[in-house]
Amino acid sequence: MNRLLRRKAYLLVSVLVSVITAALYLSIALTRLSNANFGSDGGDFLAAMLTGGIPHPTGYPTYILLGRLFQFLPISTPVYRGVLESALPAALGAGLLTSWVSFVAGSNSTAHLSAAAITGIAWGASPLLFSQAVIVEVHGLQVLISVLILWWISLNLHAGARLNPKWLLGLAFLVGLGGGNHLTSVLFAPAALAALIYAARRSRSWKLVVAQAGLV
């Protein structure tokens, strides 16, 4: 019962942080193309989404393909739909960071959850992240991918916990897709490798570790 209540607390606080952060972003989301906030690549990215083309190297395939899906939304302008691909993942990333902080802290006390919520909102509202979440850019999506990588590494380090392997496999697949958004994801590689080795030795489930590596 305590475990179930703890998960519900994680979920509630994380959703709240995501909603608050998304509201902040969408309050000033652009509907026309702009080079504000160093967003000079916005036209390049948007043109690739609308035409099925390829932007400047490295091509950003995950970002562009997801952007094409966002362009099917029957709302506002193509620019606004492109901004949504930055704002919504960034807001979701802030919420997931909140739950990750709570998970690492190992407590669902009011103090810990409040601290985690403040962390998520502060990160989501930080000037650098905020500036990239309201324009057509890859960094909003990269925020979400980076938090998913943190979750994946952390769950592997808790290999002894009762956890459905499907969560690890699903996260490994998303981490792999993250490499198609921005190559800075590779910077997590040493920590991820160490976590996989630790998980294999602790759980003695090399098959699960190999499967995760394969999905990445």
Side-chain angles (χ1 to χ4, degrees), residues 18-19 21-97 123-153 169-192 211-216:
S18 288
V19 170
T21 309
L24 288 173
Y25 295 156
L26 297 180
S27 66
I28 63 167
L30 301 177
T31 57
R32 300 179 63 181
L33 201 60
S34 169
N35 63 354
N37 305 335
F38 303 99
S40 57
D41 292 333
D44 187 19
F45 289 137
L46 190 62
M49 293 176 196
L50 296 174
T51 65
I54 301 174
H56 63 279
T58 56
Y60 310 93
T62 299
Y63 175 75
I64 297 300
L65 290 172
L66 183 61
R68 286 181 64 80
L69 294 179
F70 268 85
Q71 291 302 321
F72 284 109
L73 294 174
I75 55 175
S76 195
T77 64
V79 174
Y80 185 79
R81 295 192 288 270
V83 171
L84 286 180
E85 189 188 3
S86 296
L88 296 184
L92 181 56
L96 288 176
L97 179 69
W123 191 54
S126 61
L128 181 58
L129 176 52
F130 194 101
S131 71
Q132 298 303 297
V134 296
I135 60 175
V136 181
E137 253 296 350
V138 300
H139 305 302
L141 179 57
Q142 187 63 21
V143 163
L144 174 59
I145 291 167
S146 296
V147 177
L148 290 175
I149 294 174
L150 286 176
W151 263 110
W152 180 54
I153 291 173
L169 295 174
L171 283 171
F173 178 69
L174 292 176
V175 168
L177 288 181
N181 183 67
H182 204 284
L183 290 180
T184 50
S185 297
V186 175
L187 297 175
F188 286 97
Q212 291 182 74
L215 284 169
V216 171

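Values below: all heavy atoms of this structure, side chains included; hydrogens, waters and symmetry mates excluded. Note that the structure is a prediction, hence the values are computed from the model and not measured.
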Undergrad: If you compare all heavy atoms of Ile64 against all heavy atoms of Gly59, which two are closest, and at what distance to 0.1 Å?
TA: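 Answer, listing the atom of Ile64 first, then Gly59: CG1-O, 3.7 Å.
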Undergrad: So, taking the atom named OH in Tyr60 and the one named CG in Asp44, what distance separates them when rounded to the nearest 0.5 Å?
TA: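 So the gap between those two atoms works out to 9.0 Å.
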Undergrad: Nearest 0.5 Å, what's the CG-OG1 distance between Leu66 and Thr62?
TA: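 Answer rounded to 0.5 Å: 8.5 Å.
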Undergrad: For the pair Gln212 and Trp152, evaluate side-chain contact (heavy atoms from CB on, under 4.5 Å) and give the outcome as yes or no after the intermediate values.
TA: CA-CA 10 Å; Gln212 291 182 74; Trp152 180 54; 2.6 Å; yes
Undergrad: For atom CG of Leu69, is the number of surrounding heavy atoms from other residues, nucleotides or ligands below 6.0 Å larger than 12?
TA: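 Yes, CG of Leu69 has more than 12 neighbouring heavy atoms, counting only those of other groups under 6.0 Å.
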Undergrad: With a cut-off of 3.5 Å and sequence neighbours excluded, list every side-chain donor-acceptor pair involving residues 21-30.
TA:
{"from": "Thr21", "atom 1": "OG1", "to": "Val17", "atom 2": "O", "distance (Å)": "2.7"}
{"from": "Tyr25", "atom 1": "OH", "to": "Gly124", "atom 2": "O", "distance (Å)": "2.6"}
{"from": "Ser27", "atom 1": "OG", "to": "Leu24", "atom 2": "O", "distance (Å)": "2.6"}

Undergrad: List the atom pairs, with distances to 0.1 Å, where a side-chain N or O of residues 169-192 and a protein N or O form a donor-acceptor pair under 3.5 Å, not counting sequence neighbours.
TA:
{"from": "Asn181", "atom 1": "ND2", "to": "Val138", "atom 2": "O", "distance (Å)": "3.3"}
{"from": "Asn181", "atom 1": "ND2", "to": "Gln142", "atom 2": "OE1", "distance (Å)": "2.8"}
{"from": "His182", "atom 1": "ND1", "to": "Thr184", "atom 2": "N", "distance (Å)": "3.3"}
{"from": "His182", "atom 1": "ND1", "to": "Thr184", "atom 2": "OG1", "distance (Å)": "3.1"}
{"from": "Ser185", "atom 1": "OG", "to": "Gln142", "atom 2": "NE2", "distance (Å)": "2.9"}
{"from": "Ser185", "atom 1": "OG", "to": "His182", "atom 2": "O", "distance (Å)": "3.2"}

Undergrad: Hey, could you give me the OH/OG1 distance between Tyr63 and Thr58, rounded to the nearest 0.5 Å?
TA: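 Tyr63 atom OH to Thr58 atom OG1 measures 12.5 Å (nearest 0.5 Å).
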Undergrad: Tell me the closest heavy-atom pair linking Val136 and Met49, and the distance in Å.
TA: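 Closest pair (atom of Val136, atom of Met49, distance): CG1-CE, 4.3 Å.
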Undergrad: Nearest 0.5 Å, what's the CD1-CG distance between Ile149 and Leu144?
TA: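 So the gap between those two atoms works out to 10.0 Å.
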Undergrad: Rounded to the nearest 0.5 Å, what separates atom CG in Leu148 from atom CG in Leu92?
TA: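 So the CG of Leu148 and the CG of Leu92 are separated by 7.5 Å.
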Undergrad: Can you tell me how far the CG atom of Leu97 sits from the CH2 atom of Trp151, to the nearest 0.5 Å?
TA: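 One gets 10.0 Å once the value is rounded to the nearest 0.5 Å.
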Undergrad: Determine all donor-acceptor pairs shorter than 3.5 Å in which one atom belongs to a side chain in residues 82-90; sequence neighbours excluded.
TA:
{"from": "Glu85", "atom 1": "OE2", "to": "Gly67", "atom 2": "N", "distance (Å)": "3.2"}
{"from": "Ser86", "atom 1": "OG", "to": "Ile135", "atom 2": "O", "distance (Å)": "2.7"}
{"from": "Ser86", "atom 1": "OG", "to": "Glu137", "atom 2": "N", "distance (Å)": "3.4"}
{"from": "Ser86", "atom 1": "OG", "to": "Glu137", "atom 2": "O", "distance (Å)": "3.0"}

Undergrad: Provide the closest heavy-atom pair for Thr51 versus Arg68 in the form atom of the first, atom of the second, distance.
TA: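 Heavy-atom minimum between the residues: C-NH1, 3.7 Å.
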Undergrad: Is there a side-chain contact (heavy atoms from CB on, under 4.5 Å) between Gln132 and Val143 once you walk through the steps?
TA: CA-CA 10 Å; Gln132 298 303 297; Val143 163; over 6 Å; no
Undergrad: Is the backbone of Ser76 close enough, under 3.5 Å, to the side chain of Arg81 for a donor and an acceptor to pair up by distance?
TA: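 Looks like yes, one N/O pair under 3.5 Å.
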